[in-house]
Visitor: 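Let me give you the structure first, and then I'll get to my questions.
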Amino acid sequence: MDKIAFVYMGGDEFEWLFFEVYDRVNRYLRDVGLGVTLVYAGRIKLPPGMLIRVETEDGYVKMYSFEAVVEALYGKLVEMKNSVNDDSFTKIFGITTLPIGSRKQYFEIYKKYLGIEVSIGNYNVLVLSIKPFYTENRELFIERVFKGVLHELGHLYGLPHCNNDCVMNPPEDLREWDLRAPTYCNPCLMELKRKLKPKPPLLHRAYGCSHC
Ligand SMILES: [Zn+2]
Ligand SMILES: [Zn+2]
């Protein structure tokens, strides 16, 4: 079973959403038989100094600095490894409440409902902002973020974008996102299962086996 540390990076007001999405993603992963699970790894409070103001078409928007968010998540992985001597966590997924941006490079996440995935050595750091998905309709809000998390998990395991009615099909706008089925399409699911299948032990492979 592959484990992904799941971290909340925001204020009290959206913590309920984080846990709803966490439960729903884990239920989904279990139901479709994917060998991966989210493990709650706590909350990271970013100091106000990590907020930046980025100029967008809609004027100045307050955002978390992309570099600071990635560094904080990476630090959390290292801390987990050192404190409990558990190096089985190599992947971490942060959910932020503010958009994520950078002074060096404007990612347009604010507009495009996309997360970010960064590899640092053997570690994978994923970030998704819930901000672009906001609606007062709680169920819809949960579903939008749920799909966003599945989309990023798909990328994490090497899935490209897809043209089917599928969470791997990126939307032009929120209306399109709401029409997408809250699931991977069959080809994407098969591909994910193939990628997540445990590899046979090294020795076994080294000697070669007609069944593998
Ligand atoms: Zn994507
Ligand atoms: Zn698909």
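On a predicted model such as this, the values are computed, not experimentally measured, just so you know. In each ligand, atom 1 is the first atom listed, and ligand 1 is the first ligand listed.
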Visitor: Could you check whether R24 pairs with E20 (Lys NZ or Arg NE/NH1/NH2 to Asp/Glu carboxylate O, under 4.0 Å)?
Guide: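 Looking at E20 together with R24, the answer is no, because their closest N to O distance does not fall below 4.0 Å.
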Visitor: Please indicate how many protein N/O/S atoms are found closer than 2.8 Å to the Zn ion (ligand 2), with waters neither displayed nor included.
Guide: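 Every protein N, O or S atom under 2.8 Å from the Zn ion (ligand 2) counted, the figure is 4.
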Visitor: Taking only residues two or more places apart in sequence, or in another chain, which ones meet T135 in a side chain to side chain donor-acceptor pair (under 3.5 Å)?
Guide: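 Side chain to side chain donor-acceptor pair (under 3.5 Å) check on T135 returns nothing, list empty.
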Visitor: Regarding T90 and N122, is there a side-chain donor-to-acceptor distance under 3.5 Å anywhere?
Guide: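 No, no side-chain donor-acceptor pair sits under 3.5 Å.
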Visitor: Check the orientation of F93 and F6. Use parallel for under 30°, tilted for 30 to 60°, and perpendicular for over 60°.
Guide: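 Perpendicular.
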Visitor: Rounded to 10 degrees, what angle sits at the Zn ion (ligand 1) between H151 NE2 and H155 NE2?
Guide: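 Answer comes to 100°, rounded to 10°.
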Visitor: Side chains of T97 and K131: do they bring a donor and an acceptor to under 3.5 Å?
Guide: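 No, K131 and T97 have no side-chain donor paired with an acceptor closer than 3.5 Å.
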Visitor: Does Y8 have its ring centroid less than 6.0 Å away from the ring centroid of F19?
Guide: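 No, the ring of Y8 stays outside the 6.0 Å limit from the ring of F19, centre to centre.
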Visitor: Between R180 and D165, does any NZ, NE, NH1 or NH2 come within less than 4.0 Å of an OD or OE carboxylate oxygen?
Guide: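 A salt bridge is absent here (no side-chain N lies under 4.0 Å from a carboxylate O).
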Visitor: If I consider every N, O or S atom in H161, which one ends up closest to the Zn ion (ligand 1)? I only need its name.
Guide: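 Of all N, O or S atoms belonging to H161, NE2 is the one nearest the Zn ion (ligand 1).
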